[in-house]
Amino acid sequence: MKERSFILLKQQQQPLFGYTTGSCAAAAAGAAAQMLATGNSVRYVSLRTPKGIVLYLEIEHIKKADGIVSCAVQKDAGADSDVTDGVYVYASVRRTNDGQIRIDGGSGVGRVTLPGLDQPVGSAAINRVPRRMIADAVRPYCPSAEIIIAIPQGAELAAKTFNPKLGIVGGISVLGTSGIVEPMSEQALLDTIRIELHVRRLQNVPLLLMAPGNYGKEFLLGHYGLPMDDCVACSNFVADALALAVAEGYTRMLFVGHIGKLVKIAGGVRNTHSRYGDRRMEILADIAKRYCPAESFPLVAQKLFACVSTDEAVRVLKEAGVASAVLADMTERIRLNMQEWGEGRLRIAVIVFSNVHGVLGMTSDAPAYVQEFRSFCARKTEA
């Protein structure tokens, strides 16, 4: 990708920052409106973002025909390189006489098909802050105009985003609340989880299906035939995701995950990221102490602490003849801790698995939850 064409006038020492698709759309729209109004070509524009940072952006791919001017700005995501990094965001502007500024999406900009998102069903997936930025950039030159935002690569890139799961079809979204892309923060990840929880809630799902990540989703698909897209991924933010689920009004949850993460929950670890420590073997040894004969436990503990993976640890427990008891106890501890983090307002069923050993633990209500969700998916498919 070419060298960046923007200047962060207030924060020139922050090269990690980039700018959003919303900023690209607003800059391109403002430049097109200016060219439409003056007849002069515009090669660079300045744009003040909602964050207060001023961008100086290059205008490319200028076309003028039939009373319409279109042009593009190339996105730079900074250090937070995502699927939209380097794409061109196009804006075309045409004067109108109805006294309004109308904004719509063209090629590669998704359409909203489910309620609960920033824009109503049927609208282009151009969020409200970018819409305001676009209107503000155009209004000084064309107080009445029709603006079409297009991202030609958007339809292809959408498959790599959350859009299909959120009911946004045909392309990507034009996003951004600050106009600036900062390296991904924990808050940004939690905001993504919150949005997905809200969308699922509006679909009237009978219970929440959640997993830490793709391992859990793939297990649900492979073993129970439950669509991966119906499962909300919480990453390492287990306790935070439970709080968000409670706030959204969920009362029941089926939580499925690999033992490598879920054993930490059994030990009371609220965030399973490795930065908060790796206590997997200590937790398993603590549980195993309850079921191993006193004379054999020291050797079992020694073997557990030598393990580099939970799959190895399960093998050690099986050799000691205590795997069933330890894993059942672990699974119940997971459920109890999660229900406590959900303030007792969520009834949680848990399935723990290993890619090597299969299902390792399952609460008594998990099979019924699986069947209920499978029936819901069947009804949804028929409808």
Side-chain angles (χ1 to χ4, degrees), residues 186 189-198 200-201 205-220 223-224 226 228 230-284 286-288 290 310 313-314 325-354 359-373:
E186 289 190 357
L189 291 170
L190 290 173
D191 288 343
T192 299
I193 295 170
R194 180 185 291 107
I195 292 171
E196 191 169 356
L197 286 170
H198 184 57
R200 293 284 166 263
R201 186 65 174 159
V205 295
L207 56 94
L208 175 60
L209 194 60
M210 182 175 282
N214 285 334
Y215 281 167
K217 290 183 174 185
E218 291 166 359
F219 185 83
L220 283 167
H223 283 69
Y224 301 111
L226 297 180
M228 291 175 63
D230 286 321
C231 182
V232 176
C234 67
S235 186
N236 296 299
F237 304 97
V238 179
D240 289 322
L242 289 171
L244 293 173
V246 168
E248 195 57 50
Y250 289 97
T251 59
R252 295 185 299 153
M253 172 192 289
L254 175 60
F255 190 79
V256 181
H258 189 279
I259 182 176
K261 281 198 179 293
L262 269 59
V263 67
K264 297 181 181 182
I265 301 173
V269 178
R270 299 168 67 91
N271 185 310
T272 58
H273 195 284
S274 58
R275 76 164 68 98
Y276 299 107
D278 181 5
R279 295 173 47 208
R280 294 172 302 166
M281 302 310 160
E282 289 85 350
I283 294 166
L284 286 173
D286 179 65
I287 300 173
R290 297 184 59 189
T310 47
V314 171
V326 170
L327 295 172
D329 190 323
M330 177 196 71
T331 303
E332 182 62 14
R333 293 186 189 203
I334 293 167
R335 183 185 70 81
L336 290 173
N337 282 333
M338 291 184 69
Q339 291 193 164
E340 179 182 341
W341 298 339
E343 300 175 351
R345 295 162 66 182
L346 275 171
R347 289 165 50 198
I348 300 173
V350 177
I351 299 175
V352 184
F353 70 91
S354 157
V359 175
L360 298 175
M362 180 183 297
T363 56
S364 60
D365 48 359
Y369 278 30
V370 168
Q371 184 55 47
E372 184 176 355
F373 208 94

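Just so it is clear, the model here is predicted, and its values are computed rather than measured. Computed over heavy atoms, backbone and side chain alike; hydrogens, waters and symmetry mates excluded.
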Non-hydrogen atoms of [X] and [Y] that approach each other most closely:
X	Y	value
Tyr369	Ala349	CD2-CB, 3.6 Å
Ile283	Gly267	CD1-CA, 3.6 Å
Ala233	Lys217	CB-CE, 3.9 Å
Val246	Gly342	CG2-O, 3.5 Å
Leu207	Phe373	O-CE1, 3.2 Å
Thr272	Ser235	OG1-O, 4.4 Å

Report the distance from atom [atom1] of [X] to atom [atom2] of [Y], rounding to the nearest 0.5 Å.
X	Y	atom1	atom2	result
Thr310	Leu284	OG1	CG	7.5 Å
Ile265	Leu336	CD1	CG	12.5 Å
Met210	Arg200	CE	CZ	11.0 Å
Leu242	Glu340	CG	CD	11.0 Å
Phe255	Ile351	CZ	CD1	11.5 Å
Leu346	Thr251	CG	OG1	7.0 Å

| query | Do the charged groups of Glu372 and Arg252 touch, with an N to O distance under 4.0 Å? | reply |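 Looking at Glu372 and Arg252, the cut-off is met.
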
| field | Under-4.0 Å salt bridge between Asp365 and Arg335 | value |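 No salt bridge links Asp365 with Arg335.
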
Does a side-chain heavy-atom distance below 4.5 Å link [X] with [Y]?
X	Y	answer
Ile334	Met330	yes
Pro212	Leu262	yes
Leu209	Leu226	yes
Asn236	Lys261	yes
Val256	His223	no
Lys264	Arg279	no

Between [X] (side chain) and [Y] (backbone), is there a donor-acceptor pair under 3.5 Å?
X	Y	value
Thr331	Thr363	no
Gln339	Ile348	yes
Arg201	Gly249	yes

| Does OH in Tyr224 sit with more than 12 non-hydrogen atoms of other residues, nucleotides or ligands closer than 6.0 Å? |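 Correct, the count exceeds 12.
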
| Where do Met362 and Val370 land on the side chain to side chain contact (heavy atoms under 4.5 Å, CB included) test, with the steps shown first? | CA-CA 11 Å; Met362 180 183 297; Val370 168; over 6 Å; no

| message | Could you walk me through whether Leu327 and Ile259 satisfy the side chain to side chain contact (heavy atoms under 4.5 Å, CB included) test, starting with their C-alpha distance in whole Å, then the side-chain angles of each, then the deciding distance to 0.1 Å, before giving a yes or no? | response | CA-CA 9 Å; Leu327 295 172; Ile259 182 176; 4.0 Å; yes

